[in-house]
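Take a look at the structure set out below.
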Amino acid sequence: MNAWLPRSRLQWITLVIGVLAVLGCVLLGRSRLQQTLLSYLFAFLFFTGLSAGSLAILMVYQVTGGAWGDYIRPQLLAAARILPLQAILVLPMLLGLRVLYPWARADALASDSLLRAQSWYLDSTFFVARSLAYFVLWLVLVALVARRSEDPNRRATPAGLAAAGLIVYALTTLLAATDWAMSLLPHWHSSTFGMMVATGWMLAAAALAVLCAMLEPKSTETRSPAPPLRTQPQAEPPLHDLGNLLLMFVLVWSYLAFMQYLTIWIADQPVETAWYIPRTLTSWRWLAWFLIAFHFAVPFAVLLSRRAKHRRSWLAGVAALLLFANLADALWLIVPNFRAQGFTLRWTDLWAPLGMGGVWLCVYLGQLRSARWPEAPVRLMPLRLEKGHG
């Protein structure tokens, strides 16, 4: 419980900024409720992705092992533990269902035959139940993964549990992306969209973990909280492996995004192109080019370099760039269909992610401290042994 309470000056600063920004959105955004909820939704999608994506990478690590996972496990575990906060933050979105989603309005359903054909799925009660079910399943997985990660007998952890959890993650994120983002335009469908969002979440989670690990003082690297799953800790951090991890997620996300666009472009069906028209034929296309450049091209070019992957500063820079680009991608997924006239930003587009991000970061810093040093007395002996060997 102490990990949820601010204990450092930085935590208090982020918490105060977050609370003030949230209060500003609540007090000033009531007159423009749809605009405020749209900004809230893209911020919610981004920060939920950081936590859910971290959970998925933790499960990948439990299946495969490896020095890369030993090194960033505290960062991943800290982010995954914030899912209870996101389960609370989903409530404003569910309460504003009829403001956000066209299919949730009775008049739209009565006048649209296509919506009536999908009414068995696009039902407000069913939508709320599904959203809550996603978080219940994720929280169960977090409890299992956290317990296994803190168990001193982690070497006996069955990989089958993590493999089953990855299947649950794939199914729930596919449905969550369909519900929260794709259904904003209910006539548009894509079989690739859910996989693209799920991969983007894992990419953002990996970028956050790598960034925090690279910014950590080298003197604390030997104070890892616990032994690894299958490998012994190395004297040098596995920078090359971390760079390859980022590169892999960049390539998978880029492939899925390109294949979705290519498939829709070849089909050239009005119902399918409706999602891309405001994003490519208006000034929103400049955000698309930004994503092509900084969510794919620049990180891809840098991470191809072996020399760059062995430098902490380069890895930190690429990870920070990918995090910012992923936030821009969340904006690109949610907002353009509601501002089809072109690229425009509202004040809530800054305040909503700032508010949610401030609270999220405050909790993350506390959870990171708890994940890194859960029991100080247990670590004193290994730390002294390392000094003795020096």
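Any value given below was found using the heavy atoms of this structure, including those in side chains, with hydrogens, waters and symmetry copies removed.
Contact detail for Leu315 and Leu303: the closest heavy-atom pair is CD2-CD2, 4.1 Å. Taking each heavy atom of Gln367 and Ile82 in turn, the nearest pair found is CG-CG1, 4.5 Å. Across every non-hydrogen atom of Pro353 and Phe42, the tightest pair is CG-CZ, 4.0 Å. Between Pro238 and Ala67 the shortest heavy-atom distance is CG-O, 3.5 Å.
Between the side chain of Ser254 and the main chain of Leu251, no donor-acceptor pair closer than 3.5 Å is present. When atom types are taken as modelled, the side chain of Arg32 and the backbone of Thr348 share no donor-acceptor pair closer than 3.5 angstrom. Side-chain atoms of Lys309 do not come within 3.5 Å of backbone N or O of Gly243 as any donor-acceptor pair.
Residues Phe343 and Trp286 form no side-chain contact, since every pair of their non-hydrogen atoms from C-beta on lies 4.5 Å or further apart. Using a 4.5 Å cut-off on side-chain heavy atoms (C-beta onward), Arg369 and Ser8 make contact. Within the 4.5 Å cutoff, the side chain of Asn337 has no heavy atoms near those of the Trp188 side chain. Leu350 places none of its side-chain heavy atoms less than 4.5 Å from the side chain of Leu345. The closest side-chain heavy-atom distance from Tyr101 to Leu41 is below 4.5 Å. Within the 4.5 Å cutoff, no side-chain heavy atoms of Phe46 are placed close to those of Leu331. Side-chain contact between Val168 and Val140: absent, with no pair of heavy atoms (C-beta onward) separated by less than 4.5 Å. Ile57 is listed as a side-chain neighbour of Trp68, based on a closest heavy-atom distance under 4.5 Å.
Within a 6.0 Å radius of OH in Tyr276, other residues, nucleotides and ligands contribute more than 12 heavy atoms. In this structure, Trp314 places its CH2 atom where only 12 or fewer heavy-atom neighbours from other residues, nucleotides or ligands lie under 6.0 Å away. When the shell of 6.0 Å around OH of Tyr255 is examined, it contains 12 or fewer heavy atoms from other residues, nucleotides or ligands. When the shell of 6.0 Å around CZ of Phe258 is examined, it contains 12 or fewer heavy atoms from other residues, nucleotides or ligands.
Among Leu28, Leu20, Val22, the one residue that satisfies the side-chain contact (heavy atoms from CB on, under 4.5 Å) test with Trp351 is Leu28. Among Leu256, Thr178, Leu333, Leu174, the single residue meeting the side-chain contact (heavy atoms from CB on, under 4.5 Å) criterion with Phe193 is Leu333.
For Trp332 and Trp275, the ring centers are positioned less than 6.0 Å apart. Ring centroid separation for the pair Trp360 and Tyr364 comes in under the 6.0 Å cut-off.
Between Phe44 and Phe135, the ring-plane angle classifies as tilted under the 30° and 60° cut-offs. A tilted orientation is assigned to the rings of His240 and His310, their planes being inclined by 30° to 60°.
Under the rule for a ring pair (Phe, Tyr, Trp, His ring centres under 6.0 Å), the partners of Phe300 that lie at least two apart in sequence or sit in another chain are Phe296. Residues passing the side chain to side chain donor-acceptor pair (under 3.5 Å) test with Trp138, sequence neighbours excluded: Thr172.
With a 6.0 Å cutoff to the six-membered ring centre and a 45° limit on the axis angle, Arg130 counts as a cation-pi contact of Phe126.
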- [ ] Output, in order, the C-alpha distance, side-chain angles, deciding distance and verdict of salt bridge (charged side-chain N to carboxylate O under 4.0 Å, His left out) for Arg339 and Asp349.
- [x] CA-CA 13 Å; Arg339 301 175 195 170; Asp349 296 334; 2.6 Å; yes

- [ ] Assess whether side-chain hydrogen bond (donor to acceptor under 3.5 Å, both in side chains) is satisfied between Asp241 and Tyr71, documenting all intermediate values.
- [x] CA-CA 10 Å; Asp241 291 344; Tyr71 191 70; over 6 Å; no

TODO: Show your reasoning for whether ring pair (Phe, Tyr, Trp, His ring centres under 6.0 Å) applies to Trp103 and Phe127.
DONE: CA-CA 11 Å; Trp103 52 263; Phe127 180 95; 5.4 Å; yes

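Counting only N and O atoms by type, the side chains of Thr48 and Trp201 include no donor and acceptor under 3.5 Å apart. Remark: the Ser51 side chain and the Gln86 side chain contain no N/O donor-acceptor pair separated by less than 3.5 Å.
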